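Note that the structure is a prediction, hence the values are computed from the model and not measured.
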Amino acid sequence: MPASQLKRLKLSLREQGVTGPQKSKKQKKANAGKSSSERIERSAALQSIRDSFNPFELRQSARPTKFPSASQRTANGKTGRYKDVLHRPGVTKSAGEEMRRAKLLPEMQRRSKVGGVVDRRIGEGDVGMTPEERALERFTREKTRRKTGGLFDLGGSDDEGGVGLTHGGRSLQELGGDDFQDTVSVGSEEDDGELLRRKRRRDDEDQVDDGDGVEPDAEQPERKKTKHEVMQEVMAKSKAHKYERQKTKEDDEDIREELDKGLGDVLALLHGHKRPAPPVRALKAEAHGEAPPVVNADRQRLIDGLDRVKADKEYDARLRQLAQDTRAAPSDRAKTEEEKLAAEAERLQKLETKRLARMQGEPVSDDDDEEILASKGDNEMDDPTIDGDDEIVDEAAEFGFTSATAIPKIDAPSQPLVLDDEDEFALDDNLIARDSDEDVSLPSDDEESASGSDSEQDDEVITPADEEDEFVRDILGTGPNAASLGKPVLPHQSNGLAYTYPCPRTHDELLAVIKNIVPAELPTIVQRIRALHHPSLSASNKEAMADFSAVLVGHVAHMADHKQPLSVIEQLIRHIHSLSRTYALEIATAFRTHLQGVLERTQPTPGNLVILTAIGSIYPTSDHFHQVVTPAITLMARYLGMTNPTVPASHINGAFLVRLCLSYQKLSKRYIPEAVRFTIRALGTAKSSEATIQQSHLDNLTTMLDLWKAQPAFTQIFTPFVPLLQNSTHPTAKSITRTLTILLTSAQLSLRPLQLHNHKPLAIRSSIPKFEESFNPDKHYDPDKERSDSAKLAKEFKREKKGALRELRKDANFVAREQLREKRERDQAYEKKYRRLVAEIQGEEGRESKQYDKVKRIRKGKN
Amino acid sequence: MPGVILNDDPSRKRKRLDGSSKLANGVKPRKAPKLAKSEDVASKIVDLEHTVRDSPDQYKNLDKLQGYVAKVDEDPEAANLAAVSLCRACCRLIANQNLVRNKSDGAEEVQVLQALKKRNQTYLRSMTAWLDGMDEGRQSTALTLIMRLVKEEASQEAQRADQAWRVAHGAFPTLIRALILQSDAAGAREEFVEKYVEEHDDVRYYMFLAIKHVLSDADGLDSSSYFNALDLLSRIEGVPDSEYQLEDWYGNEPESDPHTLKSLSAHRRAAQEAWLGLFRSPITADHRKKILQVTTRQILPWFSTKLEILTDFLTDSFNSGGSNALLSLQGIFHLITKNNIDYPDFYTKLYSLLDEDVLHSKHRSRFFRLLDTFLASSHLPAALIASFIKRLARLSLQAPPGAIVWIVPWTYNILRQHPSCTFMLHRTPHPSHLMYSVNLSYATEGMSDPFNATELDPMATHAINSSLWEIQTLTTHYHPNVATLAKILGEQFTKREYGLEDFLDYTYVSLVEGDLGKGLKKTPVVEFEIPKRIVTNDEGGMNDLGGLLGKAIDMVA
């Protein structure tokens, strides 16, 4: 028979060292130091003893671990610790019960009950909180709320004296916040009742604002100042001093502002309209003279009781105005000569880097362009209205000018035109208003030379007869004042040129315009048309000029076809170039249309040749791809590749095209196989032909040698020329041969085998088997992430569902149990009541019967 | 309306007549004023035919009909009608064996027979004459009528039918002869091949025999007739490759089982004879080109033996150079790969074809396609491949972009296939490379390209020791697309292969149209600086460019 429970308990307690023989005071003292660790040990020991004595408190897991392992984690993902392995069904059950009792039961009891006040005070209804804790929590909450302050709390401790809330001369802060003070009005504090609270506060503030002036302390009878009051006074004094200092500072600022106002007047004078007279108040203030604390005018107005809203509006408007003001920019005039040169160099450098990027075929952002344009736009925005306009309009009307150009409004502000300043062909002010002394601020030569760009600027300095002057002279004839445009001018002057022309929008119109005119005068006419129909003069001019630009492209080809002088054509090409800064798209389209025409024929016409030349000068030929240049050079190469030089015409054409496409590649030094092929064939067959032709081919060869001397295949390209040159009898052939030999030798010296593939060698594609470091057979190693994720989710869902079901079931059990309990209680109460009533009645009846008996007896007795 | 009348007669429902009636219908509106007369003539012709059919004594009415036929230029409608009537009459004669001499025939009957035969011949001659002319309809009518006769002749008993196919004055050989000799019979030839030769195996067989016969005696043959024969032969598309395919007959189906007509080798022999007859004839360059173009598809399938003769022909053609050389190489390659012909100099010859003109010729894409085929084998020696690569790279220094656009991806493909050639792109300094071991002091003396461009043997050019500097130069080609393409050889070879067909058909026109067709999406960049002078110089004269431009303008205008 095993020992009794009590005996076993005593034994195990002794074994664990929880109980032992009585210890003396000394021993206790000695042990006191290590008490904490000992206590833990003791509690653990007690726990184990408790567990061992009630085997039903613990439950082993349903399935024991399959494989014993020494690893930290077992197969089901639990650590092998005692706590994880053992379940305590009793504990969990009681915890669950507790929880339900706390949450579910109140709910149950509240069910089917309507209305009522919800107690939302902190900690109210929380079973786990003692009243002290509750109070503490409420207090801290209130304190933190005070500390953070409101949204618009300006929070300077200095300024508190002005607007701080007081009660009985003491600030509210000092009074300290008890939460019940706040909660008085509502009776309960909302857990998150920010809104309510804020509202209340505002109410408070209003009250205080109202009452601030009404209940001054001055009403009270005088009494001796307390120490506290004295201190207050001292502080007030120091504050007054501080205020004084601020005042003087503000005065200084006011004076500065006064000066600024004066500047405004000056500006207004410049702008030509008068500012309204300064407010009288300011004058008065000045007249006063004696008031040292001069207040800012605005502030003064504010103080004077200006409407707050109005003031705010005014402030906003001013702010906006301020933001829109253009920053003061140093004028170009202030720049020294060196600075200008440096800026110019920098600009060129920028353009060059962009060109290089295009040559490499890298995408180039147009940001810089836009920037430049934008800055220009700004410059032009500042321009006042054009004053010379009306004269032009008059003139045009006098001549019965009925082209597409609309009459511009006289006082229309100048449009912010995107116009290139450096464009030397832009309007000449001479043409517009020579006789007027008014300052014409069109983007004219001042600006041009100031923001001017290219090397021509230097020319301007050196040679007075630069192009612009040239054009001006052409237009104005004899002298600057000879042809004043204010007067009506006859359509045909002595030199046969009119000053106004309609803007031709088709080639036929242009031909009609220049019908009776010597070709040499054409640039002048173009110049005048450009001036008269400048887009800044009328909105519709822009379109007309775009058409005119396209027409000019066609006309250049037309001129060449009709053998008109090249120098004139050159001038026109330069016009087209300057126009294509504004009408790039239209002119490029015209060129491309022309190229389409070239594509359809085998022999180039003079017009084609001129167009190709124009393309070479107008567009950057070094670009990797250019919408106009690339087709053009391909077309040239086609001619060179397809043509066998047999007749002198093909020799000359070919030589020219070779020269032209080499000049296209002057910067980018790209290789043109057809040029080489053509020159080889031409030199092979040119023996019989005249020396000049051969000379041009040899010149081409020299250019090619120079252009491609860095090519890796230099030897391979130019070796075929050697026998041709040796056979040649041309005088210059010998020197070229010498150059070629030297270059070939140097090419040989620098020749090295190609090493193009210095890449990192490509790794062989490999599929290493995927190895799991800590493989777990229970885990799913699905390579398909999506699938594994969904499986994980499904599993989780299932688990949660099961858990929820279980909880619901337990809840239902709990509810049923509670209902049963309630019913029982009700029944019990009923039973009790019933019994009581029955007993009562019985008692009564007993009494009554007794009485009856008594009466009966008495009656009997009587009888 | 003659056609209608003929069709009304139920006893003579002949398909062929539909054609002629249609013809008559087509002609009729033009003849509207002469309607009464033409109806008159038509009825007369029908009467004549009836008399011939009904009584053997009235054979001389055939002459009258022939008279109508002869007057084709004056009254084509009547002539058509007469020709059809005559055809019917002749067919009836042949079917009744009236043209065959019996042993029992007397002298008078023989005379009648001779006369009939003569009339038949006259008719045939007139019909063959119709074949030659501009009038397509008449050609078609004549061809149909003659083939009708041929059908009738071939439908006799076997011995005589065979005789009829072959004998020189028979309808079929006469037709073939006419088709060859008459220069304007292209339409008839086409129709003949399309309708009869391709459909019927016996027609094809006898045609081969007839052509060989015609070509064997050179009298009266000029170059155009050889061309006609070539035209006939080259039009034949369907070459049988097994005896089961021999099953469509125009005449009677040959009864006896081992019959020549049913033997494929007999067919082939006949075809070979015909082709060889053509080869032996004096061939002009055009003919040769045409023959070479059809070699692989229409000649080689017929030839199972006598390949050496064909090889000789192809070799001769190669030696004549130009595009013929290229075309003949295709035939030779076919012979080498399919017929096991030993032709050791093939690649040398191919290599010799790579000259500067080939990249500019109009056969460029064809040449490229063949070149890719010829060099497709991975078993070719690397030295040979390297020579081809280097040669093409060298040529591309003067080539149009269309050629370069093909050469670069081809080089890529072939370098992938022959990795030992990739040293041409990447050669690190190492003594095992000939370029470094030969030029030991290359740092001071430099190197020269070891490739020998004038060497004819592709195995001995040392191209494998060279590098492709040319391709490197092409990366700076003026056309951006070409330059970008050329850069692929300098990048890592990650792509397996380029589809060469996509690169074949680039020309200047397609390149320019590609550039121009894109449209202007972005504003084109404009040169920022306006030059002061473009074609003139400061002294007011013309500069270099301007001078040339002026001269060019003067020359053109």
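Interface remark: Arg394(B) contributes side-chain atoms only to the contact with chain A (heavy atom separation under 4.5 Å). When heavy atoms are compared at a cutoff of 4.5 Å, Thr422(B) does not approach chain A at all. Contacts between Tyr436(B) and chain A at a heavy-atom distance below 4.5 Å involve the side chain alone, from C-beta outward. Only the side chain of Thr484(B) comes within contact range of chain A, with heavy atoms under 4.5 Å apart. For Met435(B), the part sitting under 4.5 Å from any heavy atom of chain A is the side chain, from C-beta outward, and nothing else. With a 4.5 angstrom heavy-atom cutoff, Glu445(B) touches chain A only via backbone atoms.
Using a 4.5 Å heavy-atom cutoff, the side chains of Pro400(B) and Met642(A) are not in contact. A heavy-atom distance below 4.5 Å is not found between the side chains of Tyr619(A) and Val525(B). Here the side chains of Leu599(A) and Glu513(B) are in contact, with some heavy-atom distance below 4.5 Å. Using a 4.5 Å heavy-atom cutoff, the side chains of Pro673(A) and His477(B) are in contact. A 4.5 Å side-chain heavy-atom check between Gln748(A) and Met447(B) finds every atom pair outside the cut-off.
Contact count versus chain A (heavy atoms, under 4.5 Å) is highest, among Thr428(B), Thr475(B), Leu511(B), for Thr428(B). If you tally non-hydrogen atom pairs under 4.5 Å between each of Pro524(B), Gly514(B), Ser448(B), Gly446(B) and chain A, the highest count goes to Pro524(B). For the set Leu489(B), Asp515(B), Asp449(B), Thr473(B), the entry with the most heavy-atom pairs within less than 4.5 Å of chain A is Thr473(B).
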Exercise for the section: Run the numbers on Arg677(A) and His360(B) for side-chain hydrogen bond (donor to acceptor under 3.5 Å, both in side chains), then give the verdict. Expected result: CA-CA 11 Å; Arg677(A) 179 177 155 86; His360(B) 290 83; 3.0 Å; yes
Exercise for the section: Decide yes or no on side-chain hydrogen bond (donor to acceptor under 3.5 Å, both in side chains) for Glu527(B) and Ser617(A), but give the supporting numbers first. Expected result: CA-CA 8 Å; Glu527(B) 183 72 47; Ser617(A) 103; over 6 Å; no
Exercise for the section: Any chance you could lay out the side chain to side chain contact (heavy atoms under 4.5 Å, CB included) test for His577(A) and Val526(B), step after step, and finish with the verdict? Expected result: CA-CA 8 Å; His577(A) 193 159; Val526(B) 179; 3.8 Å; yes
Problem - Intermediate values then yes/no, side-chain hydrogen bond (donor to acceptor under 3.5 Å, both in side chains), Glu674(A) and Tyr508(B) - result: CA-CA 12 Å; Glu674(A) 287 87 351; Tyr508(B) 287 108; 2.4 Å; yes
Practice task
Evaluate the side chain to side chain contact (heavy atoms under 4.5 Å, CB included) criterion for residues Thr715(A) and Trp469(B): first the C-alpha distance (whole Å), next the side-chain angles of each, then the deciding distance (0.1 Å), finally the verdict.
Solution key: CA-CA 10 Å; Thr715(A) 325; Trp469(B) 296 284; over 6 Å; no
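To the nearest 0.5 Å, atom CG of residue Leu635(A) and atom CG of residue Leu516(B) are 7.0 Å apart. For the atom pair CG (Asn481(B)) and CZ (Phe625(A)), the distance works out to 7.5 Å, reported to the nearest 0.5 Å.
Between the Arg427(B) side chain and the Pro753(A) main chain, no donor and acceptor come within less than 3.5 Å of each other.
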